[in-house]
Amino acid sequence: ALLAGFASILSNAQDCDPHHKDASQIKVIIASVEFPANDNLPDELRTQVKENVQKTEIGIDADTPDSNWIDELNEVTAELLMNAGYFHAQARTTPFLIRAEPRKRTYTVRIEAEAGTLFRLDAVKFENGTVFKEDELQKRARLTAGEPFSLAKTRRAIESIVRLYSLKGYIDATIEPVMRVDDQKQ
């Protein structure tokens, strides 16, 4: 009875685990990624998008429409573009089914990405600091004026500074970033 109870608990835990692969799930494989010839994305960015899309793990139910998992690829692409400084990036992905097997579907996708304007950091300033000097915080943040704006890199900088404060005993330190977007200047 103890083993049966344990098996029931394990089964219920797997039902709640989003990473548990259900045997009825179909794996979506992106075999290749294509871009329109006139997409004006830098080659390096196009390569990063292709690699990120191809390594995205997608599992779907047999009756899941393509539009559901395509949205996930659009988000992957837009997030990568935004973290490269293209803050208003948008992506549209079109799937082309190559092969359908009982537990696997293989696709080629065409990604039309509108990167938009490249935004750069104009200045990184720290105000009202009383524990650390501004140059020490600048060094810890690793953000440089002129580099493309990356929300992910900004988050890492904030986390790094919070850790620095916690080492000095300020365990509840809060960093409040103030970001101003200058659509004219970029």
Side-chain angles (χ1 to χ4, degrees), residues 13 16-21 27-30 33 35 39-60 67-93 109-186:
C16 297
D17 182 2
H19 301 291
H20 177 71
K21 300 291 183 200
K27 183 175 183 177
V28 173
I29 297 173
I30 307 301
V33 179
F35 299 90
D39 72 357
N40 74 8
L41 286 178
D43 289 339
E44 179 183 323
L45 205 49
R46 194 179 296 120
T47 300
Q48 288 177 351
V49 168
K50 180 178 178 178
E51 289 172 357
N52 280 14
V53 164
Q54 286 184 305
K55 73 179 182 184
T56 301
E57 292 187 19
I58 303 169
I60 60 170
S67 60
N68 287 16
W69 61 265
I70 291 297
D71 288 344
E72 184 177 343
L73 292 185
N74 288 336
E75 289 174 21
V76 166
T77 302
E79 183 176 330
L80 189 129
L81 294 171
M82 287 172 43
N83 282 323
Y86 297 96
F87 209 63
H88 299 299
Q90 296 180 353
R92 192 177 88 224
T93 304
V109 295
R110 179 182 177 92
I111 297 177
E112 296 177 43
E114 294 178 31
T117 304
L118 176 62
F119 287 84
R120 296 186 176 277
L121 288 174
D122 182 45
V124 179
K125 299 176 185 176
F126 295 91
E127 298 175 353
N128 305 321
T130 57
V131 178
F132 299 100
K133 294 181 180 177
E134 184 172 356
D135 62 335
E136 193 172 356
L137 295 172
Q138 291 277 3
K139 182 179 174 183
R140 188 68 174 223
R142 297 186 196 133
L143 296 171
T144 308
E147 72 181 33
F149 176 77
S150 166
L151 193 55
K153 192 170 180 182
T154 302
R155 282 187 188 124
R156 285 192 302 270
I158 291 168
E159 290 166 1
S160 178
I161 292 169
V162 167
R163 279 192 305 275
L164 181 65
Y165 272 89
S166 70
L167 291 173
K168 289 283 191 176
Y170 297 91
I171 60 171
D172 290 330
T174 303
I175 308 297
E176 295 182 20
V178 177
M179 294 178 241
R180 294 179 195 94
V181 177
D182 184 348
D183 283 322
Q184 305 305 314
K185 192 174 181 182
Q186 283 105 24

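Heavy atoms from other residues, nucleotides or ligands lying under 6.0 Å from CZ of Arg110 number more than 12. Within a 6.0 Å sphere centred on CD of Glu79, other residues, nucleotides and ligands contribute 12 heavy atoms or fewer.
No donor-acceptor distance shorter than 3.5 angstrom exists from the side chain of Ser160 to the backbone of Arg156, with no hydrogens or angles considered. Looking at Glu134, its side chain never comes within 3.5 Å of a backbone N or O of Lys125 through a donor-acceptor pair.
The CG atom of Asn40 sits 12.0 Å away from atom CZ of Phe35, with the distance rounded to the nearest 0.5 Å. Taken to the nearest 0.5 Å, the OG1 atom of Thr154 stands 4.0 Å off from the CZ atom of Phe149. The distance from atom CZ of Phe132 to atom NZ of Lys139, rounded to the nearest 0.5 Å, is 12.5 Å. Rounded to the nearest 0.5 Å, atoms CG (Leu41) and CD (Glu114) are 10.0 Å apart. Rounded to the nearest 0.5 Å, atoms CD1 (Ile70) and OG1 (Thr93) are 5.5 Å apart. Considering CD1 of Ile30 and CH2 of Trp69, their distance stands at 4.0 Å, rounded to 0.5 Å.
Residues passing the salt bridge (Lys or Arg N to Asp or Glu O under 4.0 Å) test with Glu147 are Lys153, sequence neighbours excluded.
Residues Val53 and Val109 have side chains in contact (heavy-atom distance under 4.5 Å, counting atoms from C-beta outward). Considering only heavy atoms from C-beta on, Leu137 stays 4.5 Å or farther from Val124 through its side chain.
Nearest approach of Ala91 to Thr77, heavy atoms of both residues: CB-CG2, 3.7 Å. When all heavy atoms are compared, the tightest approach of Tyr86 to Gly116 is CD2-O, 3.5 Å. Scanning all heavy atoms of the two residues, the minimum distance from Gly85 to Pro148 falls at CA-CB, 4.0 Å.
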Going by atom type alone, with no hydrogens or angles, which donor-acceptor pairs under 3.5 Å involve a side-chain atom of residues 164-179 and a protein atom two or more places apart or on another chain?
unit_1 : atom_1 : unit_2 : atom_2 : d
Ser166 : OG     : Arg163 : O      : 2.7
Thr174 : OG1    : Asp172 : O      : 3.4

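When each of Leu121, Leu143, Asn83 is tested with Ser150 by the rule side chain to side chain contact (heavy atoms under 4.5 Å, CB included), just one qualifies, namely Asn83.
Annotation: salt bridge (Lys or Arg N to Asp or Glu O under 4.0 Å) contacts involving residues 46-55, sequence neighbours excluded, comprise Asp39-Arg46, Asp43-Arg46.
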List the steps, then state whether side-chain contact (heavy atoms from CB on, under 4.5 Å) holds for Leu45 with Leu80. CA-CA 8 Å; Leu45 205 49; Leu80 189 129; 3.5 Å; yes
